[in-house]
Number of protein chains: 2
Amino acid sequence: MTTGAGDQPTLATLEAIVLAVTGGTPRVLCVDGDDLPRLPAGRPSAGDRTLELALRRFAAEQAGLELGYVEQLYTFGDMNRAGRDAPAGARVLSVAYLALVHETAPLAGSAWSDVYDLLPWEDHRGGRPPVLDDRIVPALARWAAKGSRAERLARAERADIAFGLSGAAWDGVRTLERYELLYEAGLVGEAAARPGSGIGLAMAIDHRRMVATALGRLRGKVTYRPVVFELLPETFTLLQLQRVVEALLGRMLHKQNFRRLVEGAGLVEPTGEKLATSGRPAATFRFRREVLRERARPGVAPTA
Amino acid sequence: MTTGAGDQPTLATLEAIVLAVTGGTPRVLCVDGDDLPRLPAGRPSAGDRTLELALRRFAAEQAGLELGYVEQLYTFGDMNRAGRDAPAGARVLSVAYLALVHETAPLAGSAWSDVYDLLPWEDHRGGRPPVLDDRIVPALARWAAKGSRAERLARAERADIAFGLSGAAWDGVRTLERYELLYEAGLVGEAAARPGSGIGLAMAIDHRRMVATALGRLRGKVTYRPVVFELLPETFTLLQLQRVVEALLGRMLHKQNFRRLVEGAGLVEPTGEKLATSGRPAATFRFRREVLRERARPGVAPTA
DNA sequence: CGGGCTTATACTCATCACGAGTAGTAGAAA
DNA sequence: TTTCTACTACTCGTGATGAGTATAAGCCCG
């Protein structure tokens with residue numbers, strides 16, 4: 001490995017995307033920034049054996065949160081992403097982690113934001129969001145009409161695949177592709193010509209991109225790993241479970257089929273207790289750990 | 001964001017896992033280290049707008065390689081992973097990228113290594129590798145017998161799931177879990193008590209862990225994204241395609257079903273040409289780009 | 001020049017996952 | 001007792017997947 005001439009100091013930070021689902025709403029933990037809200041962040045120090053431990057440490061110190069499930073998401077290192085307090089020309093490397101927690105009370109200086117306030121085009125539970133056809137599709141069409149012929153074709157293909165246009169199917173997992181397309185097309189606040197004119201609530205620097213990455217990853221993972229249970233209490237009804245999954249996927253699921261999937265796969269076991277609801281009381285369940293041995297890809301949502 | 005007291009200088013490097021498949025053998029590009037082979041690596045410099053562009057630049061400079069498909073894999077930042085030339089107490093952050101290329105002639109100072117020489121327990125194409133039952137399973141059993149009762153149960157569960165023991169199914173994607181388990185159990189050279197006694201060819205520091213990460217990611221991705229075509233020439237026969245997929249998955253596929261899957265999904269289109277083989281000549285195909293619009297998850301291997 | 005080898009290609013069959021729908025059940029509230 | 005809400009049990013059709021049978025098209029060799 002040769003050390004190039006253009007070496008530069010590198011600043012490394014850890015960013016936490018802490019996710020919870022409360023009452024059908026997926027929420028992400030934000031702290032107040034100078035201007036826009038931002039994700040909680042910290043730096044690894046010499047005493048932290050691993051990056052993940054560093055993250056857990058500062059989540060506890062800064063926000064009093066004991067994180068459960070934690071997974072590394074992505075490392076962001078573009079040149080244009082230094083905050084205003086960073087030395088010019090320095091590259092900031094941000095290692096983003098996804099953490100799943102149960103709902104908790106909001107903490108001082110921080111608050112939960114609805115993920116779908118940040119990314120409104122991602123929530124299809126109440127049907128196709130109007131913002132798609134009203135603003136996004138026309139703007140993408142304009143964006144795709146620019147450039148050389150080859151470039152126009154490439155842009156149109158990207159837009160079609162990401163947003164399920166021209167006969168393509170909407171793929172819930174492509175959240176990042178969608179965000180980046182909107183960014184390039186100037187439709188999200190951080191990149192919009194006039195501040196405040198963008199779609200969805202803006203966040204500092206590229207933090208909304210990180211949330212989009214997290215949502216996409218989680219939507220994928222839910223179909224083959226039992227991660228949802230990290231967001232639920234010890235025991236729960238099948239409808240509660242379904243609501244959390246729907247909140248993550250951003251689409252409704254067929255109730256009977258969901259039940260068949262989850263029970264048939266042996267993902268849950270009945271506790272024997274009943275929980276009073278506003279209708280007929282529901283049986284409560286808990287996660288059934290043995291499923292990890294029985295199935296290679298125990299997911300709580302259909303693959304499609 | 002508060003700046004903790006324990007801040008430390010951070011060294012950032014990019015590591016490239018460059019993969020090719022030649023004649024049924026998946027290979028990774030290695031460069032000669034002081035002692036053990038290592039992955040090609042470089043540093044981002046101020047002129048590189050993104051980390052991915054930095055990677056492409058130094059791959060071209062250092063090895064004369066023009067990378068095609070590139071994807072970020074994982075960022076490694078444990079404390080114990082500084083090379084011997086690094087200042088003590090410094091944390092080295094390595095952002096690892098996976099790159100797929102067509103086979104090329106070996107370059108000066110670098111060579112292709114068979115991935116399954118590095119991770120012999122991962123290749124099940126010729127049946128279950130003997131090293132599993134001869135060395136790994138007994139050693140894992142010894143490893144799992146240590147610690148408190150709760151710890152023993154947790155270890156046994158991890159081993160069962162990762163290696164498909166006690167009725168669990170072998171999951172090709174869990175390459176990283178397997179490598180880490182072997183590491184903890186002291187079975188891979190880098191961690192082995194006596195050097196040279198480990199299973200598989202050792203690499204510098206944690207580079208073999210990176211290769212394991214890459215293989216696992218690729219095995220997963222192959223089932224829902226048409227990445228294999230990055231490893232193949234423009235046109236190919238279905239058997240060539242199948243051999244590449246099998247090389248990645250480490251298991252054999254049913255020929256007729258593979259054909260049905262690939263043709264039925266519209267992943268390929270016939271070129272009209274025939275290629276002479278050692279038997280009946282085979283029709284050649286090329287990747288059919290339109291499939292990206294037609295299918296949400298166009299994969300070239302079954303999900304299981 | 002025909003048998004045997006190798007590889008390619010075309011079908012069939014059973015099973016299972018999944019989307020969608022019908023129907024009936026259990027408790028609470030009015 | 002009605003009505004509302006939510007829970008639970010089945011059925012049907014389609015498509016994906018694993019596995020196997022049969023046939024075709026070249027080559028090599030005796």
Side-chain angles (χ1 to χ4, degrees), chain A residues 23-24 124 169-172 222-224 235-246 249 251-285 291 294-304, chain B residues 23-24 124 169-172 222-224 235-246 249 251-285 291 294-304:
Chain A
H124 291 227
W170 177 274
D171 185 352
V222 140
T223 65
Y224 65 93
T235 69
F236 46 82
T237 70
L238 291 187
L239 188 57
Q240 285 172 357
L241 176 60
Q242 183 179 349
R243 290 290 174 249
V244 172
V245 175
E246 288 171 339
L249 296 182
R251 66 187 176 94
M252 298 301 250
L253 297 173
H254 182 109
K255 186 168 179 171
Q256 295 90 321
N257 291 346
F258 180 79
R259 179 191 193 81
R260 175 179 59 187
L261 177 74
V262 166
E263 282 196 292
L267 271 159
V268 296
E269 60 189 2
T271 62
E273 310 285 298
K274 294 249 171 198
L275 188 72
T277 67
S278 51
R280 168 177 169 180
T284 61
F285 294 81
V291 75
E294 295 162 5
R295 310 225 159 210
R297 316 184 81 231
V300 83
T303 319
Chain B
H124 291 226
W170 177 273
D171 186 352
V222 140
T223 65
Y224 64 95
T235 69
F236 45 81
T237 69
L238 292 187
L239 188 57
Q240 284 171 358
L241 175 59
Q242 183 179 348
R243 292 288 175 250
V244 172
V245 175
E246 289 171 338
L249 297 183
R251 66 186 177 96
M252 298 299 250
L253 298 173
H254 182 109
K255 186 168 179 171
Q256 295 92 321
N257 291 346
F258 181 80
R259 178 192 195 82
R260 176 180 59 189
L261 176 74
V262 166
E263 281 196 293
L267 272 159
V268 296
E269 60 190 0
T271 63
E273 310 285 297
K274 294 250 171 195
L275 187 72
T277 66
S278 51
R280 168 174 168 181
T284 61
F285 294 81
V291 75
E294 296 162 4
R295 310 223 159 211
R297 317 184 81 231
V300 82
T303 318

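Below, read A as the first sequence line, B as the second, and so on, with proteins coming before strands; counting in each chain starts at 1.
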| Is there a residue in residues 251-272 of chain A whose heavy atoms reach under 4.0 Å of DNA chain C, and which residues are they? | A/His254, A/Gln256, A/Asn257, A/Arg260, A/Leu261
| task | May I ask you to say what A/Leu239 touches in the nucleic acid, namely base, sugar-phosphate or nothing, with a heavy-atom cut-off under 4.0 Å? | result | sugar-phosphate
| task | Check whether any side-chain heavy atom of B/Thr237 sits under 4.5 Å from a side-chain heavy atom of B/Gln240, and report yes or no. | result | yes
| query | If you pin A/Arg280 and B/Leu238 to their nearest nucleotides in DNA chain C, which one's is more 5'? | reply | B/Leu238
| Across the strands shown, which category fits B/Ala276 at heavy-atom distances under 4.0 angstrom: base, sugar-phosphate, nothing? | nothing
| note | Taken in chain and number order and not counting sequence neighbours, the residues that satisfy side chain to side chain contact (heavy atoms under 4.5 Å, CB included) with A/Thr271 are A/Thr235, A/Glu273, A/Thr284, A/Arg286
| query | What nucleic acid atoms does B/Arg295 come within less than 4.0 Å of, heavy atoms only: base, sugar-phosphate, or nothing? | reply | sugar-phosphate
| field | A/Thr277 vs A/Ala301, nearer the 5' end of DNA chain C by closest nucleotide | value | A/Ala301
| message | So, using salt bridge (Lys or Arg N to Asp or Glu O under 4.0 Å) as the criterion, who are the partners of A/Arg259 when residues are at least two apart? | response | A/Glu263
| query | First contact, last contact: which nucleotides of DNA chain D are these for chain B, 5' to 3', heavy-atom distance under 4.0 Å? | reply | D/dA16 to D/dG26
| said: Quick check for you: name the first and last nucleotides of DNA chain C, 5' to 3', having an atom under 4.0 Å from a heavy atom of chain A. | reply: C/dC18 to C/dG27
| Pairs involving residues 295-304 of chain B, ordered by first then second residue, that meet side-chain hydrogen bond (donor to acceptor under 3.5 Å, both in side chains) (sequence neighbours left out) | none
| Student check: side-chain heavy atoms of A/Val291 and A/Val268 closer than 4.5 Å | no
| field | Heavy-atom check, side chain of A/Glu246 versus side chain of A/Arg251, under 4.5 Å | value | no
